[in-house]
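See structure below.
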There are 2 protein chains.
Amino acid sequence: MEMLGGRWKLAILKQLVAGTRRFGELRRALPGITQRMLTRQLRELEADGLVARTVYREVPPRVEYALTEVGHSLDSITEELDKWGRWYRETIRPEDPSGPRPPA
Amino acid sequence: MEMLGGRWKLAILKQLVAGTRRFGELRRALPGITQRMLTRQLRELEADGLVARTVYREVPPRVEYALTEVGHSLDSITEELDKWGRWYRETIRPEDPSGPRPPA
DNA sequence: CGGAATCCTAGAAGATACTG
DNA sequence: CAGTATCTTCTAGGATTCCG
């Protein structure tokens, strides 16, 4: 949880599960995130070996982010967490916590 | 992640997946946690509807914690996350992040 | 375009002491 | 036994500005 607990990390991983993304693409895909936070969370994921950063020295600059093999080993967890979160927000949060039934 | 991101929450959930636990049992099962943190994290999990708190008005007092139905809907995620964490710490952390291979 | 540098604040986490 | 009550430290997160 220390590695995944960041405010945006799961959302970032979710994006990268689908494939390589550029910095700007990630920013647009994550409404509300600031440039600084996106950079920081990406660097932390990189330091943990989950994300690989590739810099293309062009003009204008291009930087691509992709999951490493280790990062991809979290794919199923990423997906399950995302699914659970959406279920929880749609089903539990609006109602009473002692209300509806779980999914699976 | 806002619900599960707490420093001890996953560890607490892991304990409760196995069954009902008393406050003191949880404390002993989580070396390093302070009374205050255990109380706080349990209260947050309770507020999110994942954990149920049962007070037995006896002397000495007895308080039991158990997963709710919603809490149990996280069981597989809890287990996978725990498994992945152990694998990562044993396999990746001691070595280079670009070293060994993932499990599954 | 993809950052880095700086400043700031809320709250997460912890240490310690006390209590019904 | 299972908590409160205080106090302190730390840092994650965010706003803003500047840059190659």
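Note on naming: letters A, B, ... go to the chains in the order of the sequence lines (proteins, then strands), and numbering restarts at 1 for each one.
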Considering only NZ, NE, NH1 and NH2 on the basic side and carboxylate oxygens on the acidic side, decide whether E44(B) and R40(B) come within less than 4.0 Å. yes
Give the nucleotide from the list dG3(D), dG3(C), dG13(D) with an atom nearest to the side chain of F23(A). dG3(C)
Phosphate contact (dG2(C) OP1 or OP2) by R22(A) side-chain N/O below 4.0 Å: yes
Separation of I12(B) atom CD1 from dA13(C) atom P, in whole Å? 10 Å
Measure the distance from CD1 on I33(A) to P on dA15(D) and round it to the nearest whole Å. 11 Å
Spacing of R21(B) atom CZ relative to dC1(D) atom P, expressed in whole Å: 17 Å
Flag the pair E25(B) and R21(B) as a salt bridge only when some basic side-chain nitrogen lies within less than 4.0 angstrom of an acidic carboxylate oxygen. no
E2(A), CD: over 12 other non-hydrogen atoms inside 6.0 angstrom: no
Is any side-chain N or O of Y65(B) closer than 4.0 Å to OP1 or OP2 of dG3(D)? yes
By the 4.0 Å heavy-atom rule, please label E44(A) as base, sugar-phosphate, or nothing. nothing
Using a cut-off of 4.0 Å on non-hydrogen atoms, how would the nucleic acid contact of Q41(A) be classed: base, sugar-phosphate, or nothing? sugar-phosphate
Once you apply a heavy-atom cut-off of 4.0 Å, does R43(A) come out as touching a base, just sugar-phosphate, or nothing? sugar-phosphate
Residue T34(A), side-chain heavy atoms: nucleotide from dG3(D), dG2(C), dA15(D) that is nearest: dA15(D)
Within the structure, does a side-chain N or O atom of R57(B) lie under 4.0 Å from either OP1 or OP2 of dC1(D)? no
Quick one: R27(A) CZ to dG3(C) C1', roughly how many Å, whole number? 10 Å
For G32(A) and P61(A), take the nucleotide of DNA chain D holding the closest heavy atom to each; which residue's nucleotide lies nearer the 5' end? G32(A)
Reckon Y56(B) touches a base, only the sugar-phosphate, or nothing at all at heavy-atom distances under 4.0 Å? nothing
Using whole Å, what does the distance between atom P of nucleotide dA4(C) and atom CG of L38(A) come to? 11 Å
Donor-acceptor under 3.5 Å (T20(B) side chain, E64(B) main chain): no
Integer-rounded Å distance: dA2(D) C1' and E46(B) CD: 14 Å
Classify the side chain of R36(B) versus the base of dT6(D) as yes if they form a donor-acceptor pair under 3.5 Å and no if they do not. yes
Nearest whole Å is fine: how far is dG3(D) P from Q35(B) CD? 9 Å
If you look at every strand shown and take non-hydrogen atoms under 4.0 Å, does R40(A) touch a base, only sugar-phosphate, or nothing? base
Could you state the atom-to-atom distance from CG of L10(A) to P of dA12(D) in whole Å? 18 Å
Name the residue closer to the 5' end of DNA chain C, choosing between G5(B) and P60(A) according to the nucleotide with the nearest heavy atom. P60(A)
Do the side chains of V51(A) and Y56(A) join up, straight or via other hydrophobic residues, at under 4.5 Å, putting them in one cluster? no
Is there a donor-acceptor pair under 3.5 Å between the side chain of K9(A) and the backbone N or O of M3(A)? yes
